[in-house]
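Input: a single structure, listed below in structure tokens.
Since the model is a prediction, treat every value here as computed from it, not as a measurement. When a residue number appears, it is its place in the shown sequence, counting from 1. Hydrogens, waters and symmetry mates play no part in the numbers below; they use all other heavy atoms, side chains included.
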Amino acid sequence: MRRLVAVALASVAAAGALAGCGGGNNWAKNCTTTNGVVECDVADRPQVGAVTGDLLQGGTYDVANDRGKVVVVNFWGSWCAPCRAEAADLEKTYQATKSKNVTFLGINSRDDKDSAKAFERGRVTYPSIYDYDGDVALKFDVTQTSTPATLILDRQGRIAVALRRSTTVAELQPLVERVAAEANG
């Protein structure tokens, strides 16, 4: 029953934020949205606040430690068929861009740890936060998204791009490279 309630609450929160709710702050109103991809000009990018969490494989993560890097954040679950489909593309993009001071982070939700670990094994080499109840995902309160979804944070920790659906390497890699090529301003 606890799991059903958590899934329902996370779904309601995601649906509300996608509709522009969440404190009445529609962060994407000045951004361009095309086919589920939101791109924000530098002046319109929302700042991500304090995001920390326990990593699936042990240890902790703090987004503040990655300031100065482009951070690609992917929301996923082992139960999610589109998440399974995009995993190889995410890993390929990670491998192709990490030398450009880009890092990737997964946010796993609504999963048991064993299923999440089994999903990651052999698919991705970057870390994931284990976020069963969606508490960490809510720290991205300006964009709580559906699953799968991917955010690209610029080097100042602002959301440059949000993909509100699954993605491919052909779509994601050019977006990541464009944000990585920006000046540090």
Check the pair Cys31 / Glu39 against side chain to side chain contact (heavy atoms under 4.5 Å, CB included), numbers first and verdict last. CA-CA 6 Å; Cys31 302; Glu39 296 186 64; over 6 Å; no

I'd like to know if the side chain of [X] reaches the main chain of [Y], judged simply by a donor and an acceptor atom lying under 3.5 Å from each other, with no hydrogens or angles considered.
| X | Y | value |
| --- | --- | --- |
| Asp112 | Asp114 | yes |
| Asp131 | Val136 | yes |
| Gln156 | Gly68 | no |

About how many Å separate [atom2] of [Y] and [atom1] of [X], when rounded to the nearest 0.5 Å?
| X | Y | atom1 | atom2 | value |
| --- | --- | --- | --- | --- |
| Leu138 | Ile107 | CG | CD1 | 11.0 Å |
| Leu175 | Thr97 | CG | OG1 | 11.5 Å |
| Thr60 | Asp54 | OG1 | CG | 7.0 Å |
| Cys80 | Asp111 | SG | CG | 9.5 Å |
| Asn108 | Ser78 | CG | OG | 6.5 Å |
| Asp62 | Ile129 | CG | CD1 | 9.0 Å |

Quick one: do [X] and [Y] end up in the same hydrophobic cluster if we chain Ile, Leu, Val, Met, Phe, Trp and Tyr together by side-chain heavy atoms under 4.5 Å apart?
| X | Y | answer |
| --- | --- | --- |
| Tyr126 | Val179 | yes |
| Val169 | Tyr94 | no |
| Val124 | Val72 | yes |
| Val102 | Val37 | yes |

Side chains of [X] and [Y]: does their closest heavy-atom pair fall under 4.5 Å?
| X | Y | result |
| --- | --- | --- |
| Val38 | Cys40 | yes |
| Thr147 | Arg110 | yes |
| Val70 | Thr103 | no |
| Val73 | Phe140 | yes |
| Ile152 | Leu172 | yes |
| Thr52 | Lys139 | yes |
| Val48 | Arg158 | no |
| Gln57 | Pro127 | no |

Salt-bridge test for [X] and [Y]: reply yes if a basic N is under 4.0 Å from a carboxylate O, no otherwise.
| X | Y | answer |
| --- | --- | --- |
| Glu182 | Arg155 | no |
| Glu86 | Lys92 | no |
| Arg178 | Glu171 | no |
| Lys69 | Asp66 | yes |

Does atom CG (Asn35) have a neighbourhood of more than 12 heavy atoms from anything else shown, all under 6.0 Å? no

With side-chain contact (heavy atoms from CB on, under 4.5 Å) as the test, pick out the partner of Arg45 among Leu153, Val161, Asp154. Asp154

Do Thr125 and Glu91 pass the side chain to side chain contact (heavy atoms under 4.5 Å, CB included) test, and can you show the C-alpha distance, the side-chain angles, and the key distance before you say yes or no? CA-CA 7 Å; Thr125 58; Glu91 179 64 21; 2.7 Å; yes

Taking the ring centre of each residue, are Trp76 and Phe119 less than 6.0 Å apart? yes

Would Leu90 and Phe104 count as a side chain to side chain contact (heavy atoms under 4.5 Å, CB included) if you check the C-alpha gap in whole Å, the side-chain angles of each, and the deciding distance to 0.1 Å? CA-CA 9 Å; Leu90 290 162; Phe104 275 52; 4.2 Å; yes

